[in-house]
Visitor: 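Okay, handing you the structure first.
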Amino acid sequence: MEVNEINGKPVSETFLLDITADGAQLATTLFMVAGDLLRFCVSIPAEDTREKTKHFFDGRVMWVNKTYSNPEEQDRYRIGLSFSTFYRKTERIMENFQLKYFYF
């Protein structure tokens, strides 16, 4: 899922790879270091409309791994986050997302 913005600024080539109630993993071309505070936004289609609902998550960067390096392209990183977003809010967003996109 594509991440729309980080720390209030639009981003491209940034993706949400994994999410749990207490953290997430992003793939991005943005360089960050462990300890950085981060707020990111993903847009999920709203029920019965063509509009999207923005969801914001706040967290702290726990680890960074450089995953791709090519002199002709931007470096890519995987970033592990620990959420500071209220646990119940994160859990509700995840449940809503799973009901729409995953079949059990």
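Model, not experiment: these values are computed from the prediction. Only heavy atoms go into these numbers, but all of them, side chains included; no hydrogens, no water, no symmetry mates.
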Visitor: Is the backbone of Arg39 close enough, under 3.5 Å, to the side chain of Asn7 for a donor and an acceptor to pair up by distance?
Guide: yes

Visitor: Look at the aromatic rings of Phe31 and Tyr77 and report parallel, tilted or perpendicular, splitting at 30° and 60°.
Guide: perpendicular

Visitor: Short question: side chain of Ser82, backbone of Arg60 - any donor-acceptor pair under 3.5 Å?
Guide: no

Visitor: Once rounded to the nearest 0.5 Å, what's the spacing between atom CZ of Arg78 and atom CG of Asn65?
Guide: 8.5 Å

Visitor: Identify the two heavy atoms, one from Val42 and one from Glu2, that lie closest to each other, and give their separation to 0.1 Å.
Guide: CG1-O, 3.8 Å

Visitor: Please give me the minimum heavy-atom distance between Val64 and Met32, naming the atom from each residue.
Guide: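 So the minimum-distance heavy-atom pair works out to CG2-O, 3.3 Å.
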
Visitor: Using the rule that Ile, Leu, Val, Met, Phe, Trp and Tyr join whenever any side-chain heavy atoms are under 4.5 Å apart, tell me whether Ile19 and Met62 fall into a single cluster.
Guide: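 Unlinked, Ile19 and Met62 end up in two clusters.
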
Visitor: Hey, what do you get for CG (Leu26) to OG1 (Thr14), rounding to the nearest 0.5 Å?
Guide: 7.5 Å

Visitor: With rounding to the nearest 0.5 Å, note down the distance linking OG in Ser43 to CE in Met1.
Guide: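 Answer rounded to 0.5 Å: 8.5 Å.
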
Visitor: Which heavy atom of Phe83 sits nearest a heavy atom of Thr20, and at what distance?
Guide: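 Where Phe83 meets Thr20 most closely, the heavy atoms are CE1-O, 3.4 Å.
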
Visitor: Can you tell me how far apart CZ (Phe57) and CG (Leu81) are? Round to the nearest 0.5 Å.
Guide: 11.0 Å

Visitor: Of all the heavy-atom pairs spanning Leu16 and Ala24, show the shortest one and how long it is.
Guide: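 Result for this residue pair: CD1-CB, 3.8 Å.
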
Visitor: Between Ile79 and Leu30, what is the shortest heavy-atom contact and its length?
Guide: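 For Ile79 and Leu30, the tightest heavy-atom pair comes out as CD1-O, 4.1 Å.
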
Visitor: According to a 4.5 Å side-chain heavy-atom criterion applied to Ile, Leu, Val, Met, Phe, Trp and Tyr, with indirect links allowed, do Leu38 and Val33 form part of one hydrophobic cluster?
Guide: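 Yes, one cluster joins them.
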
Visitor: How far does OG1 of Thr29 sit from CD of Glu13, to the nearest 0.5 angstrom?
Guide: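 So the gap between those two atoms works out to 5.5 Å.
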
Visitor: I need the single residue from Val3, Asn4, Val11 that forms a side-chain contact (heavy atoms from CB on, under 4.5 Å) with Phe40. Which is it?
Guide: Val3

